[in-house]
Number of protein chains: 2
Amino acid sequence: MVENEAAQLDAVFHALSDATRRAMLHTLSTGERSIGELAAPFSMSLAGASKHVKVLECAGLVRREIRGRTHLCRLDAARLAEAQAWLRYYERFWTSRLDALDALLRAEDEKMENSK
Amino acid sequence: MVENEAAQLDAVFHALSDATRRAMLHTLSTGERSIGELAAPFSMSLAGASKHVKVLECAGLVRREIRGRTHLCRLDAARLAEAQAWLRYYERFWTSRLDALDALLRAEDEKMENSK
DNA sequence: CTCTAATTAAACCATATGGTTGAGAATGAA
DNA sequence: TTCATTCTCAACCATATGGTTTAATTAGAG
């Protein structure tokens, strides 16, 4: 559905940039759902909700199995893992301060130990 | 710049859904840059690149300090941490399989041990 | 076969997005 | 003051997005 690595991330992050779609993913985290079930919580036409599901599907976050006249959707988290992998590179920019704080506290501890 | 929690995530994920902006963030991960420096790698007008920086800034991913006539940008990773926190909920959907695989392999190991 | 239910498709609309160019607005340098 | 540098703003354009409504498709149920 998507060509290269960058376009892949484009699609995933774009799919995640809408609260309706994020809510749908959350619903799917509790089990398979039909399109109608996914659409139900929203004050939106079924066709509108269906488009959101399609965006999720095109991003590879949702897989669809057509069973009779209902389309069963399930979460496919692999692409979310890729998104998180991308984010992980930046982890040091918010853990470094915590590490610094940690080091500071550990130094305090040692001081306490030494003065005992 | 952004109101509620959901709109916050909307903005962050949308900012991340463009390869140009992701590249800019990566550049900023190596240190502060001016707008011109951020724009340089791209075959794009300066005004165009400037808009991308603005998107990053509005999402809270970049802070800007105006020094004279140059605008110095630096990465602000806090919002990336929030995005990762959102993704973390779904971690179990790609670690659970690994756990299952792990359990399976461990069972295999035990079988090997027993038959030794 | 007929009716209803589940879903997509198509056409349409308003607004957002990503890009351009050209014109300022500040600042630094000569 | 004058000129060049850095950057934003405004206007514009093509296309994408998020939504609608109406029609068509497909499948289960009576």
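Just so it is clear: chains get the letters A, B, ... in the order the sequence lines come, proteins before strands, and each one is counted from 1.
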For atom [atom1] of [X] and atom [atom2] of [N], their distance in whole Å:
X       : N      : atom1 : atom2 : answer
A:Glu57 : C:dT7  : CD    : P     : 13 Å
B:Ile66 : C:dA26 : CD1   : C1'   : 10 Å
B:His71 : C:dT27 : NE2   : C1'   : 10 Å
B:Phe13 : D:dT17 : CZ    : P     : 17 Å
A:His52 : D:dA16 : NE2   : P     : 18 Å
A:Ile35 : D:dT25 : CD1   : C1'   : 15 Å
A:Met24 : D:dG18 : CE    : P     : 12 Å
B:Phe42 : C:dT20 : CZ    : P     : 12 Å

Backbone N or O of A:Glu91 within a donor-acceptor pair of the A:Thr95 side chain at under 3.5 Å?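 Checked: pair present.
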Donor-acceptor contact present, side-chain A:Thr70 to main-chain A:Ile66, <3.5 Å: no
Quick one: the side chain of A:Arg69 and the base of D:dT26, do they pair up donor-acceptor inside 3.5 Å?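 Such a pair does not exist between side chain and base.
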Picking from C:dT7, C:dG18, D:dT6, which would you name as closest to the side chain of B:Thr70? D:dT6
What nucleotide, of C:dG18, C:dT21, D:dG18, holds the atom closest to the side chain of B:Lys51? C:dG18
Does [X] reach a base, just sugar-phosphate, or nothing at all? Heavy atoms under 4.0 Å.
X       : answer
B:Gly36 : sugar-phosphate
B:Arg67 : nothing
B:Thr20 : nothing
A:Leu46 : base

Would you say [N] has OP1 or OP2 under 4.0 Å from some side-chain N or O of [X]?
X       : N      : result
A:Lys54 : C:dA9  : yes
A:Ser50 : C:dT7  : no
A:Ser45 : D:dT20 : yes

Can you check whether B:Tyr89 and A:His26 have ring centres sitting under 6.0 Å from each other? yes
Side chains of A:Glu82 and A:Gln8 only: does a donor on one sit below 3.5 Å from an acceptor on the other? no
Walking DNA chain D from its 5' end, the first of B:Ser34 and A:Ser43 to be reached, judged by nearest nucleotide, is B:Ser34
Starting at the 5' end of DNA chain D and moving along, which residue's nearest nucleotide shows up first, A:Gly68 or A:Gly48?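 Looking at DNA chain D, the more 5' nearest nucleotide goes with A:Gly48.
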For salt bridge (Lys or Arg N to Asp or Glu O under 4.0 Å), just list the numbers for A:Arg63 and A:Glu57, CA-CA rounded to whole Å, side-chain angles, deciding distance to a tenth of an Å, and then say yes or no. CA-CA 6 Å; A:Arg63 266 180 305 165; A:Glu57 195 184 10; over 6 Å; no
